[in-house]
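Comments concern the structure below.
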Amino acid sequence: MPSTRIIQIAPTPADLFQAAAEEFIRIGNEAIATRNGFTVALSGGSTPKSLYSLLAAKHATFDWPHTYLFFGDERHVPPDHSDSNYRMVNESLLSKIQIPAENLFRVKAENPDAAAAAAQYDAQLRTFFRLKPEELPRFDLILLGIGPDGHTASLFPDSEGLKEQSRLVIANWVDKFKTYRISFTFPVLNNAAEVMFLASGPDKAGMVRQVLEGKSSPPYPAQQVQPESGKLLWMLDQAAAKQLPSGTR
Ligand code: 6PG
């Protein structure tokens with residue numbers, strides 16, 4: 001079991017993203033104060049967009065020059081494509097803050113060879129974190145979302161990527177979308193100092209309950225995120241938490 005699992009429920013989506021922004025900034029200030037740098041892996045999809053917009057609007061003066069931004073996963077598309085996680089983050093955050101270009105680590109997903117793009121990103125992580133061959137990067141914060149099928153990052157049920165134990169980043173074939181996704185693997189996710197799941201809205205309630213309460217076999221990918229020696233923080237709004245047992249809500 002992770003060292004700590006915390007479920008934090010906010011009354012409204014606005015409260016949720018406010019609380020998530022405060023937690024982001026709190027971890028960031030602490031990391032920069034103690035290690036002179038804040039390493040974050042951002043999540044994609046639609047949910048975190050409001051968080052990124054809030055960070056840009058309310059925290060433009062945050063110490064972005066000591067913040068290093070990575071992507072926990074990326075779609076296999078160019079950075080200007082409407083499905084690109086980089087594009088979403090750039091439009092909602094990066095284009096609105098002063099962060100050195102060298103602090104941004106984008107997946108080169110325009111590379112038609114998804115495996116090569118994943119290998120390149122894997123090498124970038126190893127270089128940035130100065131890793132020895134068997135070592136893992138320890139992010140200060142990894143943001144994650146959860147899909148209706150229990151996937152997280154781009155680790156989907158029944159996909160090969162679920163089994164990966166040595167590579168940090170993989171090109172994971174997602175059969176239902178007939179495409180590759182470039183994704184961090186569980187060893188990276190589970191070596192983070194803090195993992196923050198963000199889930200908002202009634203559509204997420206069923207899977208949130210199954211992931212937090214269920215004993216499904218095999219476990220959903222989101223259930224396999226159990227930081228070894230880190231904090232697992234589930235940040236939910238009331239609608240996403242609706243089906244949780246009253247004791248949890
Ligand atoms: C992605 C994400 C993915 C996402 C979930 C939830 O690239 O899509 O990293 O894991 O977090 O699919 O997506 P929504 O936030 O859009 O519901």
Side-chain angles (χ1 to χ4, degrees), residues 10 13-14 16-17 20-21 24 40-55 69-93 105-110 114 117-118 121 139 141-159 161-162 164 168-186 188-190 192 195-212 219-225 232-237 239-242:
L16 170 67
F17 297 115
F24 182 104
V40 188
L42 302 175
S43 62
S46 57
T47 303
K49 197 171 179 177
S50 305
L51 166 62
Y52 303 148
S53 302
L54 198 56
L55 289 170
L69 298 179
F70 291 77
F71 289 78
D73 74 321
E74 183 57 282
R75 289 83 180 276
H76 193 206
V77 294
D80 57 356
H81 190 284
S82 55
D83 289 347
S84 165
N85 285 337
Y86 171 78
R87 176 175 164 177
M88 180 271 286
V89 173
N90 187 41
E91 288 171 354
S92 55
L93 176 63
F105 298 85
R106 179 178 73 77
V107 178
K108 306 290 185 301
E110 62 271 28
Y121 206 53
F139 279 90
L141 175 63
I142 294 184
L143 295 177
L144 290 175
I146 180 170
D149 57 1
H151 81 261
T152 192
S154 280
L155 299 172
F156 284 77
D158 308 319
S159 65
L162 301 177
E164 182 63 42
L168 309 179
V169 185
I170 45 148
N172 195 25
W173 177 256
V174 183
D175 207 47
K176 69 175 179 179
F177 298 143
K178 297 284 179 260
T179 184
Y180 281 101
R181 290 274 193 97
I182 291 120
S183 184
F184 280 4
T185 57
F186 283 128
V188 175
L189 302 180
N190 289 329
V195 171
M196 182 201 291
F197 275 95
L198 262 184
S200 172
D203 301 354
K204 296 290 169 80
M207 187 45 72
V208 164
R209 182 181 59 73
Q210 291 191 63
V211 165
L212 292 178
Y220 292 104
Q223 281 178 305
Q224 299 176 53
V225 178
L232 176 60
L233 175 60
W234 280 82
M235 299 196 81
L236 311 169
D237 60 17
K242 193 144 188 39

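Along the sequence shown, the residues carry numbers beginning at 1. Whatever order the structure lists ligands and atoms in, that order sets their numbers, starting from 1. Everything numeric here is computed off the predicted structure, so don't read it as measured data.
Of all atoms in ligand 1, listed by their number and element, those nearer than 4.0 Å to a heavy atom of G145 are 11 (O). Taking every non-hydrogen atom of I146 and a distance limit under 4.0 Å, the qualifying atoms of ligand 1 come out as 6 (C). Residue-ligand proximity, D73 to ligand 1, at heavy-atom distances under 4.0 Å covers atoms 1 (C), 2 (C), 7 (O), 9 (O). Every atom of ligand 1 is numbered from 1 in the order shown, and the set under 4.0 Å from a heavy atom of R181 is 1 (C), 7 (O), 8 (O). In the vicinity of R75, heavy-atom distances shorter than 4.0 Å reach the ligand 1 atoms 1 (C), 7 (O), 8 (O).
Of the possible donor and acceptor atoms, one in the side chain of N85 sits under 3.5 Å from a partner among the backbone N and O of D73. A donor-acceptor pair under 3.5 Å is absent between the side-chain atoms of D237 and the main chain of A14, judged by distance alone.
Shortest contact from atom 13 (O) of ligand 1 to any protein heavy atom: G45 CA, 4.0 Å. Distance from atom 15 (O) of ligand 1 to its nearest protein heavy atom, with residue and atom name: T47 OG1, 2.6 Å. Considering only non-hydrogen protein atoms, atom 12 (O) of ligand 1 sits nearest to H151 NE2, 2.7 Å. Nearest non-hydrogen protein atom to atom 3 (C) of ligand 1 is A153 O, 3.5 Å.
With distances taken over non-hydrogen atoms, the option nearest atom 4 (C) of ligand 1 out of S43, G201, G44, G147 is G44. Of the options S46, P48, A222, the smallest heavy-atom separation from atom 16 (O) of ligand 1 is shown by S46.
Ring to ring, F177 and F156 are close: their centroids are under 6.0 angstrom apart.
Contact detail for A20 and M196: the closest heavy-atom pair is O-CE, 3.8 Å.
Inclusion of N85 in the set of residues having an N or O under 3.5 Å from an N or O of ligand 1 is warranted.
Using a 4.5 Å heavy-atom threshold, the side chains of L189 and L155 count as touching.
A perpendicular orientation is assigned to the rings of W173 and Y180, their planes being inclined by more than 60° (bins at 30° and 60°).
For the side-chain contact (heavy atoms from CB on, under 4.5 Å) criterion with W234, the lone passing option out of V195, L198, I146, L144 is I146.
For the atom pair OH (Y121) and CZ (F105), the distance works out to 8.0 Å, reported to the nearest 0.5 Å.
Between the side chains of N172 and S183, no donor-acceptor pair of N or O atoms lies under 3.5 Å.
Ligand 1 has K204 within reach: a non-hydrogen atom of the residue lies less than 4.0 Å from it.
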